[in-house]
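One structure below.
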Amino acid sequence: MSDQDAPTTPSPAPAAPSPASVTSSPAPPPPSGRPPKVTNHGRSSVPISTSNSDFTDIPETEYFDAPGPRGYPPLTGYIDVSNVDMMRRPNERNKIEHHTEQYNSDQLIVRRGQEFKIKIDFNRPFNPAEDKFAVEFIIGSSPDYNKGTYIPVFPTAERQSAWKGRITDQMGTEVTMGITPLANCIVGKYSLYVAVSTPNVHSSFHVLSSGDAVFLNDEREREECVMTEVGIIYHGSFDDVAERDWNYGQFNYGVLDACLYIMDRSEMPITNRGDPVKVTRKASAMLNARDDDGVLVGNWSGDYTYGVAPTSWTGSTEILLTYASSKMPVCFAQCWVYAAVFNTFLRCLGIPSRVVTNFYSAHDNDGNLKTDIILHDNGSIDRNRTKDSIWNYHCWNECYMTRPDLPAGFGGWQVVDATPQETSDGMYRCGPASVQAIKHGQICYPFDAAFVFAEINSDVVFYSRSKDGTLQPVKVNRRHVGRMVLTKALGNMTRRDITDQYKFSEGSAEERTVLEKAEEYGCSRDKSDFPVGDVDVILPSLEISMGESFNLTTEFINRSDKKRTVNVYVSGSVVYYTGVISSEFLFETPTVKIGPNKSQHQTTMCLFLFTVGLKVNTNTRVKTKALCPADPAHLTLTHCGFSLIPEGASLTWTESFSPQRTGLTRVIATLDCPALRQVQGQATFTVNP
């Protein structure tokens with residue numbers, strides 16, 4: 001906090017800026033002649049401004065520079081402002097040049113580091129030799145020049161401050177002024193005042209990120225990761241990838257104000273809102289409701305009675321507008337919903353972003369950077385003592401920014417994650433973590449690089465727990481986690497494999513170097529060599545329909561020259577995609593005898609994670625297989641919003657809507673039914689002018 005108070009009216013520029021000032025050269029006071037601010041030593045008596053909806057109450061008319069006491073009416077002949085045109089309509093140059101014409105907002109929306117223009121109409125022709133005026137910008141309740149919350153902009157080259165100003169055209173009584181915000185100025189809603197020798201004229205507009213710490217140089221990447229409103233989120237499993245369409249809707253009416261409200265709700269100081277590192281870290285906490293009444297309530301229970309099932313959402317707009325209007329968290333979300341809404345937030349504020357899916361994503365519960373699976377003495381998984389888990393998939397976000405807080409080379413794409421998994425600095429949040437740091441094992445750098453590294457590179461270590469409680473590692477799988485990382489491709493609705501941006505090829509020299517580097521920073525790895533078993537188990541890949549019975553045939557192969565007796569356990573469970581068991585419906589412990597160099601089949605009748613363990617002498621082996629049911633062939637759907645959809649029936653539903661913009665777009669529909677959650681569809685069409 002500054003050792004200077006912030007006045008209740010915009011403070012003048014200092015004679016010479018302090019080292020923390022937003023300028024690099026002295027800025028003269030504004031022509032308003034406002035008195036210098038009163039300075040206190042020690043803490044400021046003015047609270048830190050944390051709301052973008054609060055503004056200083058500046059009078060619309062304030063007389064100054066006239067002979068006599070302040071407040072007297074001006075002398076005749078003084079220049080006055082008749083009108084200010086912000087050129088804020090979608091077809092005018094400001095929104096077109098700043099690529100903000102798609103925002104459904106009547107206010108001017110511009111991007112940082114890029115000039116915009118306003119037209120000021122005076123009561124008579126402007127005379128630069130005699131007339132004085134400035135355009136003043138304020139944000140927050142306690143504007144202060146040193147904090148970048150009060151910015152005077154002057155029309156002459158002789159008098160300049162942080163934001164550059166110039167007169168670009170003059171015709172009669174109208175003056176066109178070009179204004180260039182700093183590339184690292186605060187992101188948010190500003191009030192604009194034209195200060196002349198008579199009334200101040202007030203307006204307001206928004207400033208977004210661009211041309212600065214978040215500038216993405218590749219035009220195709222920029223178009224995809226800032227401007228694209230509809231995307232695809234990948235889910236399912238590594239060998240059976242599914243797609244989910246999502247309408248990000250970052251330009252929809254009210255979304256920008258909702259995003260600014262989220263930052264207000266977090267009580268984030270206005271002065272921090274120009275730093276994308278701080279903005280994204282704060283937002284990763286605010287998008288979930290675990291500890292700060294944020295946007296979304298997570299629910300992985302399967303019971304969504306008091307909210308909307310995560311699978312039923314089709315876009316972010318309803319979620320954000322509901323949160324902003326109700327001031328209450330919205331129910332419910334899972335990882336892809338968190339990532340999708342976070343993506344809308346980032347793109348709406350001009351920060352390039354994309355949703356990323358990691359298949360076989362480890363959740364390191366205890367911070368040792370490995371996934372510990374504890375087995376009973378008979379080889380079955382000890383669910384009570386196993387705290388780590390492996391998700392079939394997990395979605396997070398990447399956002400693009402420089403990282404001046406890190407060594408050179410660690411800017412670019414950063415991982416941020418709003419799904420509440422573990423706390424970071426006391427709050428449920430994750431990132432921003434440099435993707436380059438993760439790839440090269442530099443997990444010491446902030447924020448949360450070690451946690452993300454474990455999600456991508458964790459070793460899966462199986463421990464046998466004896467009756468006396470001791471743990472002995474029996475198997476290590478070093479290639480299971482982080483099998484594939486996907487995001488949407490640029491410019492089309494296909495997928496893009498970006499696994500190589502997170503890790504080097506398995507078994508390569510580069511990968512060994514990275515793992516050695518990670519060990520220096522606390523990554524625990526089990527380097528035990530285990531004897532190679534001579535009995536193997538093969539689980540089949542089946543495509544089944546919900547509600548139908550099927551046979552699970554397990555093949556055991558004896559590769560030795562001796563007869564083997566195998567103690568087997570077969571466990572069948574219904575699991576969530578997070579690896580958490582919902583219920584176990586099958587548990588068998590057969591004994592299988594296999595002749596030398598022979599195979600033996602074991603068939604089980606089953607009605608969907610299957611775990612098969614086998615023990616030969618003291619060697620334990622474990623394999624798992626997830627069987628995902630296809631759509632049901634015969635099923636009556638109830639509680640679907642239509643009360644009942646009979647078996648084999650079709651349904652036609654008609655909705656009317658008015659497209660907001662021309663061009664290629666999509667309509668997305670989901671079926672909200674407890675019996676069948678994963679049903680959705682989309683139709684692509686073109687809206688003509």
Does the pair C430 and V452 meet the rule for a side chain to side chain contact (heavy atoms under 4.5 Å, CB included), with working shown? CA-CA 9 Å; C430 181; V452 181; 3.8 Å; yes
Take M286 and F342 through the test side chain to side chain contact (heavy atoms under 4.5 Å, CB included) and record every step on the way to the result. CA-CA 10 Å; M286 277 302 299; F342 201 176; over 6 Å; no
For the pair F359 and Y234, evaluate ring-ring contact (aromatic ring centres under 6.0 Å, His included) and give the outcome as yes or no after the intermediate values. CA-CA 9 Å; F359 289 92; Y234 297 97; 7.9 Å; no
Taking it one step at a time, do Q414 and T280 satisfy side chain to side chain contact (heavy atoms under 4.5 Å, CB included)? CA-CA 10 Å; Q414 312 287 314; T280 55; over 6 Å; no
Walk me through it: do T371 and S458 pass the test side chain to side chain donor-acceptor pair (under 3.5 Å)? CA-CA 6 Å; T371 302; S458 175; 2.9 Å; yes
Does the side chain to side chain contact (heavy atoms under 4.5 Å, CB included) test come out yes or no for I139 and N52, once each step is laid out? CA-CA 7 Å; I139 184 170; N52 201 175; 3.4 Å; yes
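Closest heavy-atom contact between I109 and K95: N-CE, 4.1 Å. In terms of heavy atoms, V485 sits closest to Y502 at CG1-CE1, 3.8 Å. Residues R244 and T311 approach most closely at NH1-O, 3.8 Å, considering heavy atoms. Nearest heavy atom pair, residue V214 against residue M401, reads CG1-CB, 4.0 Å. The heavy-atom pair separating Q680 from E243 by the smallest distance is NE2-O, 3.1 Å. Scanning all heavy atoms of the two residues, the minimum distance from Q250 to V255 falls at O-CG1, 3.9 Å.
Between the side chains of S316 and W246, at least one donor N or O lies within less than 3.5 Å of an accepting N or O. Side chains of T670 and T314: no donor on one and acceptor on the other come within 3.5 Å. Side-chain atoms of D303 and T305 include a donor-acceptor pair closer than 3.5 Å. The closest side-chain donor-acceptor pair between N343 and S353 falls under 3.5 angstrom. Side-chain contact check for E422 and S424: no donor-acceptor pair (N or O, by modelled atom type) lies under 3.5 Å.
For the atom pair CH2 (W391) and OG1 (T419), the distance works out to 6.0 Å, reported to the nearest 0.5 Å. For the atom pair T317 OG1 and Y253 OH, the distance stands at 13.5 Å (nearest 0.5 Å). The line from CZ of R383 to CD1 of I373 is 8.0 Å long, rounded to the nearest 0.5 Å. A distance of 13.0 Å separates OG1 of T100 from CZ of R88, quoted to the nearest 0.5 Å. Note that CD1 of I138 is 9.5 Å distant from OH of Y150, once rounded to the nearest 0.5 Å. Note that the NE2 atom of H480 and the CD1 atom of I390 stand 4.5 Å from one another [nearest 0.5 Å].
Taking the side chain as every heavy atom from C-beta outward, V241 and R495 approach each other to under 4.5 Å. Under the 4.5 Å side-chain criterion, counting only non-hydrogen atoms from C-beta, K147 is not in contact with I270. Proximity of V330 to V341: side-chain heavy atoms (C-beta onward) are nowhere separated by under 4.5 Å. Counting heavy atoms from C-beta on, the side chains of K387 and I374 never come closer than 4.5 Å. Put simply, the side chain of S301 does not reach to within 4.5 Å of the side chain of F332, judged on heavy atoms. Put simply, the side chain of E229 reaches to within 4.5 Å of the side chain of N252, judged on heavy atoms. Considering only heavy atoms from C-beta on, Q421 comes within 4.5 Å of F451 through its side chain. A 4.5 Å side-chain heavy-atom check between V279 and M268 finds at least one atom pair inside the cut-off.
In this structure, W413 and Y400 have perpendicular ring planes: the angle between them is above 60°, well past the 30° mark. The aromatic rings of F238 and Y360 are tilted relative to each other, their planes meeting at an angle between 30° and 60°. Taking the six-membered ring where tryptophan is involved, the planes of Y393 and W336 are tilted, since the angle between them lies from 30° to 60°.
In this structure a side-chain-to-backbone donor-acceptor pair under 3.5 Å is missing from T487 to V356. Of the possible polar contacts, none joining the T357 side chain to the H235 backbone as a donor-acceptor pair under 3.5 Å is found. With D388 contributing its side chain and D364 its backbone, the two residues share no donor-acceptor pair below 3.5 Å. Without hydrogens or angle criteria, S142 side chain to I48 main chain gives no donor-acceptor distance under 3.5 Å. Not one N or O on the side chain of S361 forms a donor-acceptor pair closer than 3.5 Å with the backbone of H394. In this structure a side-chain-to-backbone donor-acceptor pair under 3.5 Å is missing from R265 to A324. At least one donor-acceptor pair under 3.5 Å links the side chain of R347 to the backbone N or O of C225. Listed for the D459 side chain is no donor-acceptor partner under 3.5 Å among the backbone atoms of V461.
The pair R273-D264 meets the salt-bridge criterion, since a charged nitrogen lies less than 4.0 angstrom from a carboxylate oxygen. Using a 4.0 Å cut-off between charged side-chain N and carboxylate O, D448 and R281 make a salt bridge. In summary, R496 and E221 engage in a salt bridge, as defined by a charged side-chain N under 4.0 Å from a carboxylate O.
The number of heavy atoms from other shown groups lying within 6.0 Å of CD (Q107) is above 12. For M328, the CE atom counts as loosely surrounded, since its 6.0 Å shell holds 12 or fewer non-hydrogen atoms of other residues, nucleotides or ligands.
Stacking of R661 on the aromatic ring of F251 is not recorded, the 6.0 Å distance cut-off and the 45° axial limit not both being met.
The side-chain contact (heavy atoms from CB on, under 4.5 Å) with F215 is formed by just one residue from the set R111, R222, R112; it is R222.
Contacts of Q501 classified as side-chain hydrogen bond (donor to acceptor under 3.5 Å, both in side chains), with partners at least two apart in sequence or in another chain: R354. With sequence neighbours left out, the side-chain hydrogen bond (donor to acceptor under 3.5 Å, both in side chains) criterion links N288 to no other residue.
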